[in-house]
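I have placed the structure first, in the form of structure tokens, so that the comments after it can refer back to it.
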2 protein chains.
Amino acid sequence: MLTTLTALAEPTRLRIVELLQFGPRYVGEIERLLVLTQPQVSKHLRVLRDAGLVESTADAQRRLYELRREPFVEMGEWLEGYRRSWEGHLDALAAHLEQSGDDP
Amino acid sequence: MLTTLTALAEPTRLRIVELLQFGPRYVGEIERLLVLTQPQVSKHLRVLRDAGLVESTADAQRRLYELRREPFVEMGEWLEGYRRSWEGHLDALAAHLEQSGDDP
DNA sequence: ATCGAATATACGATAGTGCGTATATACGAT
DNA sequence: ATCGTATATACGCACTATCGTATATTCGAT
């Protein structure tokens with residue numbers, strides 16, 4: 001989760017991710033649409049790929065980048081924990097932590 | 001969204017947030033449970049508060065911190081956009097961006 | 001009023017991160 | 001083989017963020 005959050009917590013990378021939400025893009029397209037330098041795009045895509053947020057397929061010398069579903073699914077599941085806690089449906093672990101941390 | 005992500009994209013802060021998931025805590029509790037220095041906790045809580053992720057209520061000289069729901073709800077809504085895009089239910093904006101960005 | 005406990009802030013040092021420029025690499029076209 | 005296009009990487013610099021230590025502030029207790 002921290003890996004995903006760290007990758008997304010950068011303005012330019014978040015913009016790239018939001019663009020890719022609407023479909024795969026080549027590096028050159030991203031560069032042009034978001035008005036970025038080419039190395040900037042490549043560098044950020046590298047970080048996003050290392051974080052597992054995007055994957056690329058080669059098309060001659062061009063690379064098509066697209067989002068991977070997994071990290072977003074994971075984020076959804078992670079958020080579930082918070083939703084549950086507010087709905088008062090604390091599971092066993094939560095209940096345990098709830099009392100074990102109280103001041104003696 | 002960027003504000004929320006930036007606040008969460010720090011190991012110690014994420015740990016604090018995950019702890020607060022199970023209920024409000026005083027600064028001293030967080031310090032003790034997560035084995036952090038006191039200024040470290042205060043500083044991170046300040047960042048989390050500025051980002052709107054937590055709020056505090058005063059109890060004498062102690063401050064009880066708890067999570068705010070809004071940013072997490074927002075994250076859920078933000079994720080919805082990605083879920084929709086994968087399910088092929090592109091809305092008008094998405095469809096527009098889908099074609100307007102193609103190479104001529 | 002004074003003291004101790006709880007929390008917040010200031011400040012200097014350090015490390016990590018992103019940017020720009022230059023360069024390397026891969027591939028299709030000729 | 002050579003050239004142009006597309007993408008990736010290297011390197012130096014600047015900025016930001018985090019940490020540790022010290023100090024300020026607030027409040028209850030005495």
Side-chain angles (χ1 to χ4, degrees), chain A residues 1-20 23-68 101-104, chain B residues 1-20 23-68 101-104:
Chain A
M1 183 48 42
L2 184 61
T3 306
T4 301
L5 292 170
T6 303
L8 292 173
E10 204 281 328
T12 302
R13 275 198 298 272
L14 185 57
R15 288 209 299 149
I16 292 175
V17 167
E18 306 229 279
L19 173 64
L20 292 180
R25 295 288 182 188
Y26 290 105
V27 176
E29 289 183 298
I30 300 173
E31 173 187 352
R32 194 160 33 76
L33 289 169
L34 302 185
V35 192
L36 300 168
T37 68
Q38 183 269 312
Q40 216 180 345
V41 177
S42 285
K43 185 77 177 301
H44 283 303
L45 285 172
R46 180 76 149 94
V47 176
L48 289 173
R49 189 207 309 227
D50 287 349
L53 280 164
V54 304
E55 62 187 3
S56 70
T57 59
D59 170 20
Q61 67 273 61
R62 298 192 298 177
R63 306 292 163 82
L64 189 65
Y65 279 86
E66 64 185 321
L67 294 182
R68 289 183 66 249
D102 286 352
D103 268 345
Chain B
M1 182 50 41
L2 184 61
T3 306
T4 301
L5 292 169
T6 303
L8 292 173
E10 204 281 329
T12 303
R13 275 198 299 271
L14 185 57
R15 288 208 300 148
I16 293 176
V17 167
E18 306 229 280
L19 172 64
L20 292 181
R25 295 288 183 189
Y26 290 105
V27 177
E29 289 183 296
I30 300 173
E31 174 187 352
R32 195 159 33 76
L33 289 168
L34 302 185
V35 192
L36 301 167
T37 67
Q38 183 269 312
Q40 217 179 343
V41 177
S42 284
K43 185 76 177 302
H44 284 304
L45 285 172
R46 181 75 148 93
V47 175
L48 289 172
R49 188 206 313 226
D50 288 348
L53 280 163
V54 304
E55 63 188 2
S56 70
T57 59
D59 170 20
Q61 66 271 63
R62 299 192 298 177
R63 306 292 162 84
L64 189 64
Y65 280 85
E66 64 185 320
L67 294 181
R68 289 183 65 249
D102 286 353
D103 268 346

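These numbers come from a predicted model, not from an experiment. Naming convention: chains lettered A, B, ... in sequence-line order (proteins, then strands); numbering from 1 in each chain. Note that these values count all heavy atoms, side chains included, but never hydrogens, waters or copies made by symmetry.
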* For nucleotides 17-30 of chain D, read 5' to 3', which letter fits each nucleotide if B means a protein heavy atom sits under 4.0 Å from the base, S means only the sugar-phosphate is that close, and - means neither? -> -BSSBB---BBS--

Name every donor-acceptor pair, under 3.5 Å, that has one atom in a side chain of residues 1-10 of chain B and the other anywhere in the protein, sequence neighbours excluded.
residue	atom	partner	partner atom	Å
B:Thr6	OG1	B:Leu2	O	2.7
B:Glu10	OE1	B:Thr12	N	3.0
B:Glu10	OE1	B:Arg13	N	3.0

* Asked: Is a side-chain donor or acceptor of A:Arg62 paired with a backbone partner of A:Tyr26 at a separation under 3.5 angstrom?
  -> no

* **Partner of A:Tyr65 under side-chain hydrogen bond (donor to acceptor under 3.5 Å, both in side chains), chosen from A:Arg49, A:Glu29, A:Glu55** => A:Arg49

* Asked: Between which residue ranges does DNA chain C form stems of three or more consecutive Watson-Crick or G-U wobble pairs, both distances under 3.5 Å?
  -> C:1-30 with D:1-30

* Asked: Can you tell me how far the CG atom of B:Leu64 sits from the CG atom of B:Leu20, to the nearest 0.5 Å?
  -> 9.0 Å

* What pairs with B:Thr37 under side chain to side chain donor-acceptor pair (under 3.5 Å), at least two apart in sequence or on another chain? -> B:Gln40

* Structure fact -> Rounded to whole Å, the CD1-P distance (A:Ile30 to D:dA8) equals 9 Å

* Separation of C:dT17 P from A:Arg46 CZ (nearest whole Å) -> 14 Å

* Asked: Can you name the residues that form a side chain to side chain donor-acceptor pair (under 3.5 Å) with B:Arg63, not counting sequence neighbours?
  -> none

* To do: Write down the distance between CZ (B:Arg62) and C1' (C:dT7), rounded to a whole number of angstrom.
  => 12 Å

* **Euclidean distance, atom OH of residue B:Tyr26 to atom C1' of C:dA8 [Å, nearest integer]** => 17 Å

* Asked: How close or far is atom C1' of C:dA6 from atom CZ of B:Arg25, stated in whole angstroms?
  -> 17 Å

* Asked: Under the 3.5 angstrom rule, does the side chain of A:Arg25 hit a backbone N or O of A:Ile30 as a donor-acceptor pair?
  -> no

* Asked: Just by modelled atom types, is the A:Leu34 backbone N or O under 3.5 Å from a matching donor or acceptor in the A:Arg15 side chain?
  -> yes

* Looking at A:Tyr65, does any N or O in its side chain come under 4.0 Å of the phosphate oxygens OP1/OP2 on D:dA8? -> yes

* Asked: Whole-Å distance between C:dA6 P and B:Glu31 CD?
  -> 9 Å

* A:Leu45 CG to D:dT9 P: how many Å, rounded? -> 11 Å

* Nucleotide C:dT7, atom C1' - distance to CG of B:Leu36 in whole Å -> 15 Å

* To do: Only counting residues at least two apart or in another chain, list the ones meeting side chain to side chain donor-acceptor pair (under 3.5 Å) with A:Ser42.
  => A:Gln38

